[in-house]
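A, B, ... follow the sequence lines: proteins, then strands. Residue 1 opens every chain. This one's a predicted model, so the numbers in the text were calculated from it and none came from an experiment.
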There are 4 protein chains.
Amino acid sequence: MSTSKTPSERRTHLVRLAGDLFAEQGFRATTVRQIADAAGILSGSLYHHFDSKESIGDEILSAFLEDVLAGYRAAVAGSDDPRAAIERIVRSSTATLDRHRAALTMLQRDWNYFSGQPRFGYLRTAMKEIEQTWIDLLERGRETGVFRADLDARLTYRLLRDILWLPTSWTSSKSWTTDQIVDGLLRLLFDGIKSA
Amino acid sequence: MSTSKTPSERRTHLVRLAGDLFAEQGFRATTVRQIADAAGILSGSLYHHFDSKESIGDEILSAFLEDVLAGYRAAVAGSDDPRAAIERIVRSSTATLDRHRAALTMLQRDWNYFSGQPRFGYLRTAMKEIEQTWIDLLERGRETGVFRADLDARLTYRLLRDILWLPTSWTSSKSWTTDQIVDGLLRLLFDGIKSA
Amino acid sequence: MSTSKTPSERRTHLVRLAGDLFAEQGFRATTVRQIADAAGILSGSLYHHFDSKESIGDEILSAFLEDVLAGYRAAVAGSDDPRAAIERIVRSSTATLDRHRAALTMLQRDWNYFSGQPRFGYLRTAMKEIEQTWIDLLERGRETGVFRADLDARLTYRLLRDILWLPTSWTSSKSWTTDQIVDGLLRLLFDGIKSA
Amino acid sequence: MSTSKTPSERRTHLVRLAGDLFAEQGFRATTVRQIADAAGILSGSLYHHFDSKESIGDEILSAFLEDVLAGYRAAVAGSDDPRAAIERIVRSSTATLDRHRAALTMLQRDWNYFSGQPRFGYLRTAMKEIEQTWIDLLERGRETGVFRADLDARLTYRLLRDILWLPTSWTSSKSWTTDQIVDGLLRLLFDGIKSA
DNA sequence: GATGAATGAGTCTTCATTCAT
DNA sequence: TATGAATGAAGACTCATTCAT
């Protein structure tokens, strides 16, 4: 992944600035000049801290995926109850949103670009672990009768994973708190919109 | 909206080619040269058919929104039953996916880019009508007791609209038919994943 | 090697202009802007004709090597006399100098740069054929008693090949005609500087 | 020439490191960062020792020329025999090669660059002395019948000077010892490749 | 309608150099 | 002496667009 030695504060600050721009405009649509402008330096000066625009992206993406995977592993580790595990995943995922808006936006908008490059091979690896986790939980829940018997695990996973990551794009309009979103999601997820 | 004077077959063909590329790579990431290559002509020659890359995008987006709005209006017009209307919307939306993958991808990935330009003002207008339609239906369903009483109409709308458009990005992996996706969505939407 | 379809006259002209600059300054020290300036266009416009600076170099180098190898093969093909063959090589090489000054200078000054790139792999291949030709001739001449018995074929080859290509760098100072140089070289080569 | 006030050991070491890189890659193709990396310091820190990259080059080149000129003068001073003097020049030149590979490579590859700058004016001066020495020797040898009567002194000088400096570029392939090269050169020079 | 050639503004990146600490 | 951060000018290359033929 990234060679994160002991990132100086300056460097960390620059990554944050870049991340904000990536979140707003996407990775490819953001120019190094915009990043440099935000930092009040010349664009060439960025290369004192990073050896390429992509290495900034790398730093953001790998940090995000480490966090996400940690959340998934912790959610599964606790107990045997699939429903409880899914709820923990949803809650941890949503919590991660705020810290990693940039990464999420980058993946949503430029997935093809990143996943095609060898350098970002870890993206596919991580996604596979995430997928496997969901599918295991959904199938286990189905077998133990907690979830509907006709549930298509893979299809449901695809839907849920993407749904979970949707609200990132909204954060500009601060209409809802994170808690509201999580609860709305969980209700929708488990119970649908029908009244009981 | 679009300046579709005499949409000669050649022109229509070019728009389709461009759309395929936009769907794959996004609007901004697609170069006019790639479009021209796909058509077997030189990039400059495209300008005999369109006066800019954006006018191609315009053509694609406006056609899409006309279709979508028509679907929404038809869905609502039929009856008073909110649940039936929503099901019609979902079914019509999903049907539109195949015909308008390019437009959806463009909106998902470059919404900020388009919606910021006066030329694409109709995007915001159309979105507002879509939003209003959903909210009306959800609130009516809540009031008549068909939907849960604690349903946040606006939040649910945001979630549902985006969810509805998610599967567009998947089409590369032909794992499911459109029908499968629609049914999965409707079940999730109305009933959640819990077993009865 | 290079994909030389049907090089337009414009393209050919540009290659010549670039070659002149490469010959004077070396490949790496020459900027695309200088080439464009020489052609009276903007630097970006060069990329309408070539997809990279290196592809211009490729065009120049591969044309040169084809010419050189043709000369070597023809020189060897004629007869069995090593001394005559070497004389033909020297004469043909020197004749090639004028047409390919740029290529020679590029190889002399930036050999490490080019030979390290896969794209220019044919450079090593060609050099090997050249080396083998010399060594065969020298060894045959030694065995048949035409050349000195203590001649180190490989060492002599290295010296001779490089010596043969030296005068390219001088052409700025038009002190000698090509014929003078060839004759001087041949005398030095066969007889040394000692008086008989 | 060079501003070698107090050539501390550190400084001398740095010059040697730089020289190695210059010899491998050429002066212009070597970056100050590479030099600093080789020394284990940051590139900016080099400027505590030298006020510019060129001043490092200056140090290397002027040391070389002093050495070479000393060799030439000593070679001529000894006796009146042109042939003996030339042999001494060749032997001393070749001996200098090992100590000054960097300088030679720099001159071979970037002569135009250096000789064009006022700061390196001494290069032209030194070259003129070298040229004059050769021409004197060759003409004297021709007049006294030691060398061929039809020898073009200037042309032969140009050839010989460059030939003498050729083997520098080979040192990567350690196929021959310096002695072997010298002997090969001298035999070629005096006797040619023909068998007696 | 299409080609071939060009523009001009902008992209990421490199590199010698400077300087406060 | 060295570091860490920056400059500023330049480098190769991209791309939407224009236009004479």
Starting at the 5' end of DNA chain F, what dot-bracket string do you get if Watson-Crick and G-U pairs under 3.5 Å are bracketed, crossing pairs use [ ], other-strand pairs use | and unpaired bases use dots? .||||||||||||||||||||
Tell me if a side-chain donor or acceptor on [X] pairs with a main-chain N or O of [Y] at a distance below 3.5 Å.
X: A:D58; Y: A:F120; answer: no
X: B:R28; Y: B:M106; answer: no
X: B:N112; Y: A:E24; answer: yes

[X] [atom1] to [N] [atom2], straight-line distance once rounded to whole Å:
X: B:K53; N: F:dC15; atom1: NZ; atom2: P; answer: 9 Å
X: B:D37; N: F:dA16; atom1: CG; atom2: C1'; answer: 15 Å
X: C:F50; N: E:dG4; atom1: CZ; atom2: P; answer: 15 Å
X: C:E9; N: F:dT21; atom1: CD; atom2: P; answer: 17 Å
X: D:H13; N: F:dA2; atom1: NE2; atom2: C1'; answer: 16 Å

For A:Y47, does the six-membered ring have the charged nitrogen or CZ of A:K53 within the cation-pi criterion, i.e. under 6.0 angstrom from the centroid and within 45° of the normal? no
Would you say the side-chain atoms of C:E54 and C:Q117 include a donor-acceptor pair closer than 3.5 Å? yes
Consider only side-chain N and O atoms of A:Y122 and A:E66, and report whether a donor and an acceptor are under 3.5 Å apart. no
A:I60 and A:V15, any side-chain heavy atoms less than 4.5 Å apart: yes
Every protein N/O within reach of nucleotides 6-8 of chain F N/O, cut-off under 3.5 Å:
unit_1, atom_1, unit_2, atom_2, d
F:dA6, OP1, A:R10, NE, 2.8
F:dA6, OP1, A:R10, NH2, 2.8
F:dA6, OP2, A:R10, NE, 3.1
F:dA6, OP2, A:H49, NE2, 3.0
F:dT7, OP2, A:L42, N, 2.8
F:dT7, OP2, A:S45, OG, 2.9

Kindly indicate, with the supporting measurements, whether the criterion ring pair (Phe, Tyr, Trp, His ring centres under 6.0 Å) is fulfilled by C:F114 and C:F27. CA-CA 10 Å; C:F114 288 117; C:F27 178 79; 4.9 Å; yes
Please say whether more than 12 non-hydrogen atoms of neighbouring residues, nucleotides or ligands are located less than 6.0 Å from CZ in A:R16. no
Measure across A:I41 and A:S45 and return the closest heavy-atom pair with its distance rounded to 0.1 Å. CD1-CB, 3.9 Å
With a 4.0 Å cutoff (strictly under), does any side-chain N or O of C:Y47 reach OP1 or OP2 of F:dT14? no
Does the side-chain contact (heavy atoms from CB on, under 4.5 Å) test come out yes or no for C:F50 and C:R11, once each step is laid out? CA-CA 8 Å; C:F50 311 94; C:R11 185 190 174 92; 3.7 Å; yes
DNA chain F nearest-nucleotide lookup for B:S52 and C:E54: closer to the 5′ end is C:E54
Does any residue of residues 22-35 of chain C have a heavy atom under 4.0 Å from DNA chain E, and if so, which ones, in number order? none
